[in-house]
2 protein chains.
Amino acid sequence: MPYTYEYPRPSLTVDCILFGFDEGDLKVLLIRRGGEPFKGLWAFPGGFLDVDTDPSIEVAAKRELEEETGLTNVFMEQLYTFGDVGRDPRGRTISVAYYALLKLADYKVQAGSDASHAQWFNISEVPELAFDHAKILQTALDRLKGKVRYQPIGFELLPEKFTLSELQHLYEVVLGTDLDKRNFRKKIQKMNLLVELEEWQAGVPHRAARLYRFDRQRYEELKSHGFNFEV
Amino acid sequence: MPYTYEYPRPSLTVDCILFGFDEGDLKVLLIRRGGEPFKGLWAFPGGFLDVDTDPSIEVAAKRELEEETGLTNVFMEQLYTFGDVGRDPRGRTISVAYYALLKLADYKVQAGSDASHAQWFNISEVPELAFDHAKILQTALDRLKGKVRYQPIGFELLPEKFTLSELQHLYEVVLGTDLDKRNFRKKIQKMNLLVELEEWQAGVPHRAARLYRFDRQRYEELKSHGFNFEV
DNA sequence: CCAAAAGTGTTTCCGATACACCCATGA
DNA sequence: TCATGGGTGTATCGGAAACACTTTTGG
C-alpha cells in the first residue's frame, strides 16, 4: 500500500465509446464485465489512468482500448467527464469519456481475438449497462448528432467503397429523419468529396448501385478551411 | 497522511473560465496566484475536488468559484478536461474546466470583496497565465465562438436593458467579424426574442438609442424546440 | 413480367447579402 | 452647425425543399 496522500483523491478512469455502422445499423462496442461490480453486465472498454506511464488522458484511453479489444490507431475525441458521487460503488471515480467512429468492416476481425468478450450491439438493442454508462451513451449519441452537421462522418464510418444509398441511410439513422434522395445526392455531389468509381454493387436482387469512395485529399483541404455539412 | 491507495492517483482540480462583456469588450476573470507554483502569475479561479463533500464535479467548480470570488448562482457548462503530464509541477493533476457567461454589470460589485485579487481582463490584454491556462483559455474562446451560432449568448452577457448596437457589437467581438447593421437588426427582430422598451439610452453625445430586453419566456420556448442563431 | 431499388431535373420559396441616406442629439 | 452614432427598405442571389417518373436487374 505504497501511495499516500494528505487529502483523499478520486480514481481516474477512461471510457471509450466506439461507434460503427454496418448492414444499415449504427452499432456500439461493449464489453461484458467478468468481475464485480456489475458482473455480467455490459460496459464500454476502459480502465484506470496510469499516472506513471500515460502521458495524457487520451493515451490512456487508447491503451485501454487496445488492451481490451486489440484495436489500435483509432482516432478518438474527448466527449465529457463524468464524476457524480455514487457512479462507482467501489468509491469516488471520475471518468473521462472518449468516443470514436470507425469502419466496422475493417475491425470486425478482431472480435475473435483474445478479447472475445467484446461485441458490437445495434444501437437500438443495447443491453443493460454497468455504472452510469447508459447516460454516457446518451451523451455520445447527442454529440454524434451534432457532429454530423459539420463533419463528413461517412468518411469514418463507411467502408472504402459504398453506394450513395448507404451514405444517405447512415445520415438518416444518425439524424433520425428521412432525407430526400435527389436533394441528398445533389448536396453531396456538390461538395466534391466523392470519387465516382467504375464499379458496381454485386449480388443484389435489383439494379446494382454505383460505388463511390471519399476523396481524402479534398477532405483535408476542406477541413482546414472549415466547411458545412448540413443535409 | 491518512489517505493511502494501492495505486497512485492523480489530483483532480476544477477551473472556472468566466466571460463577461462590458464597455464593448469581452472580458475574462482571473486571479493572481499568491503562492507557488507560478506565484504572481494569473490563473482561473479553481481548486481541488473535495471527494467527501462535492457530490459532483460541477458543484466543486461552483464552490471553488464562490470561495475565490464570492460569485454564486453562476450557470456553468463543462468545457474540457486537461490532463497532460507536466501541466502542474507539483505532480500529476487532472483539471476539469467549466465555463460561464455572465452579466458583468451584475457581478462587478464583488470585485471589492475579500477576493480582491480577482480581476476582469480584457480578452486582448490577458497577462501571462499559470499552468496550461493559456491553452485552456483558447479552448474556451473556441467554444464560445461555436456556441454563439446556436444560442443567444447576448441573453447571458448583456445587462437587462441594452441597445441593438451593443448586441451587434458583442457578436462582432466574439465572432471576430463585422456585421451589416440592417441585416443584423432584421435577423434579430425576426426571432421575436427582444422586447422593445419605451426607454432610451442616456448621457450619450448623439442621438439616444432605444433600449431592449430579452423575452425570457419566448427564449425558453425556443430553447426546447432547438433553434438557429446564425448572424 | 414483376418487384425493388437506382437514378435523374425543375420549380418554388425563403433567407442571406449587398447597399446609402436621413434623423436626433449634445457639444 | 457639426460630429456622432441611430435608424430604416429594397433588390438580387443562391441554397433548401418539394416533388414523380424511368431504368436496370434478378428472380
Side-chain angles (χ1 to χ4, degrees), chain A residues 23-25 148-150 152 154 158-159 161-173 175-213 222 225-231, chain B residues 23-25 148-150 152 154 158-159 161-173 175-213 222 225-231:
Chain A
E23 294 164 6
D25 290 313
V148 81
R149 291 173 195 288
Y150 57 91
L158 291 178
K161 301 170 183 176
F162 51 87
T163 70
L164 291 184
S165 290
E166 285 166 354
L167 183 60
Q168 178 175 345
H169 189 67
L170 165 61
Y171 276 87
E172 290 175 332
V173 167
L175 292 173
T177 58
D178 284 348
L179 301 170
D180 180 89
K181 184 162 54 163
R182 279 171 294 190
N183 291 339
F184 179 80
R185 286 168 184 234
K186 248 181 302 177
K187 178 116 191 187
I188 293 290
Q189 307 265 18
K190 192 157 26 173
M191 292 177 188
N192 282 332
L193 270 173
L194 297 188
V195 179
E196 194 176 282
L197 301 174
E198 292 301 318
E199 296 177 58
W200 283 265
Q201 207 178 24
V204 287
H206 52 74
R207 178 174 175 179
R210 183 185 282 276
L211 295 176
Y212 292 78
R213 65 172 176 81
L222 286 179
H225 297 68
F227 59 101
N228 190 301
F229 215 79
E230 289 279 345
V231 286
Chain B
E23 293 164 6
D25 290 314
V148 80
R149 291 173 196 287
Y150 58 91
L158 290 177
K161 300 170 183 178
F162 52 87
T163 70
L164 291 185
S165 291
E166 285 166 353
L167 183 61
Q168 178 176 347
H169 188 67
L170 166 61
Y171 276 87
E172 289 175 333
V173 167
L175 292 173
T177 59
D178 284 349
L179 301 171
D180 180 89
K181 183 161 56 161
R182 278 172 293 188
N183 291 340
F184 179 81
R185 287 169 184 232
K186 246 183 301 178
K187 177 118 189 182
I188 294 289
Q189 306 265 16
K190 193 159 20 175
M191 293 179 190
N192 283 331
L193 271 172
L194 298 187
V195 179
E196 193 178 281
L197 301 174
E198 292 302 318
E199 297 178 57
W200 283 264
Q201 207 179 24
V204 286
H206 53 74
R207 178 173 175 180
R210 182 185 285 274
L211 296 176
Y212 292 78
R213 64 171 176 81
L222 286 179
H225 296 68
F227 60 102
N228 190 299
F229 214 79
E230 291 281 344
V231 287

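A, B, ... follow the sequence lines: proteins, then strands. Residue 1 opens every chain. We use all heavy atoms of the structure for the numbers below, so side chains are in, but hydrogens, waters and symmetry mates are not.
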Original post:
When rounded to the nearest 0.5 angstrom, what distance separates CG in B/Leu194 from CD1 in B/Ile188?
Top reply: 6.0 Å
Original post:
Who pairs with A/Glu172 by side chain to side chain donor-acceptor pair (under 3.5 Å), at least two apart in sequence or on another chain?
Top reply: A/Gln168
Original post:
Taking side chain as C-beta onward, heavy atoms only, is A/Asp25 less than 4.5 Å from A/Val173?
Top reply: no
**OP:** Looking at every strand, decide which applies to B/Ser165 at a 4.0 Å heavy-atom threshold: base, sugar-phosphate, or nothing.
**Re:** sugar-phosphate
Original post:
Considering residues at least two apart in sequence or located in another chain, which fulfil the side chain to side chain donor-acceptor pair (under 3.5 Å) criterion with B/Glu166?
Top reply: none
Original post:
With sugar-phosphate meaning primed atoms plus P, OP1 and OP2, does A/Arg210 contact a base, only sugar-phosphate, or nothing at under 4.0 Å between heavy atoms?
Top reply: sugar-phosphate
Original post:
Just the endpoints, please: which first and last nucleotides of DNA chain D, 5' to 3', lie under 4.0 Å from a heavy atom of chain B?
Top reply: D/dT4 to D/dT10
Subject >> Length of the line joining A/Glu166:CD and C/dA5:C1', which is rounded to integer Å >> reply: 12 Å
Run the side-chain donor-acceptor check on residues 200-212 of chain B: report pairs under 3.5 Å with partners two or more places apart or on a different chain.
from: B/Gln201; atom 1: OE1; to: B/Ala209; atom 2: N; distance (Å): 2.9
from: B/Arg210; atom 1: NH1; to: B/Leu197; atom 2: O; distance (Å): 2.6
from: B/Arg210; atom 1: NH1; to: B/Glu198; atom 2: OE2; distance (Å): 3.4

Original post:
How do B/Gln189 and A/Lys190 order along DNA chain D: which one's closest nucleotide is nearer the 5' end?
Top reply: B/Gln189
**OP:** Tell me, please, which residues at least two apart from B/Tyr171 pass ring-ring contact (aromatic ring centres under 6.0 Å, His included).
**Re:** B/Phe184, B/Phe229
Original post:
Quick one: A/Leu167 CG to C/dG7 C1', roughly how many Å, whole number?
Top reply: 16 Å
Original post:
If every non-hydrogen atom of A/Gly154 is compared with every non-hydrogen atom of A/Leu170, which pair is closest and at what distance?
Top reply: CA-CD2, 3.6 Å
Original post:
Could you write nucleotides 18-27 of chain C as a row of B, S and -, 5' to 3', where a protein heavy atom under 4.0 Å of any base atom gives B, of only sugar-phosphate atoms gives S, and otherwise -?
Top reply: BBB--BBBS-
**OP:** Name all pairs fulfilling the salt bridge (charged side-chain N to carboxylate O under 4.0 Å, His left out) condition that reach into residues 180-194 of chain A, sequence neighbours left out, sorted by first residue then second.
**Re:** none
**OP:** Please round to the nearest 0.5 Å and tell me the distance separating atom OG1 of A/Thr163 and atom NE2 of A/His169.
**Re:** 10.5 Å
Original post:
Could you give the angle between the helix axes at the two ends of the helix from C/dC1-D/dG27 to C/dA27-D/dT1, with five pairs per end, rounded to 10 degrees?
Top reply: 0°
**OP:** Check the distance between C/dA5's P and A/Gln168's CD and give it to me in whole angstrom.
**Re:** 13 Å
**OP:** Would you please name every residue forming a salt bridge (Lys or Arg N to Asp or Glu O under 4.0 Å) with B/Glu199, sequence neighbours left out?
**Re:** B/Lys161
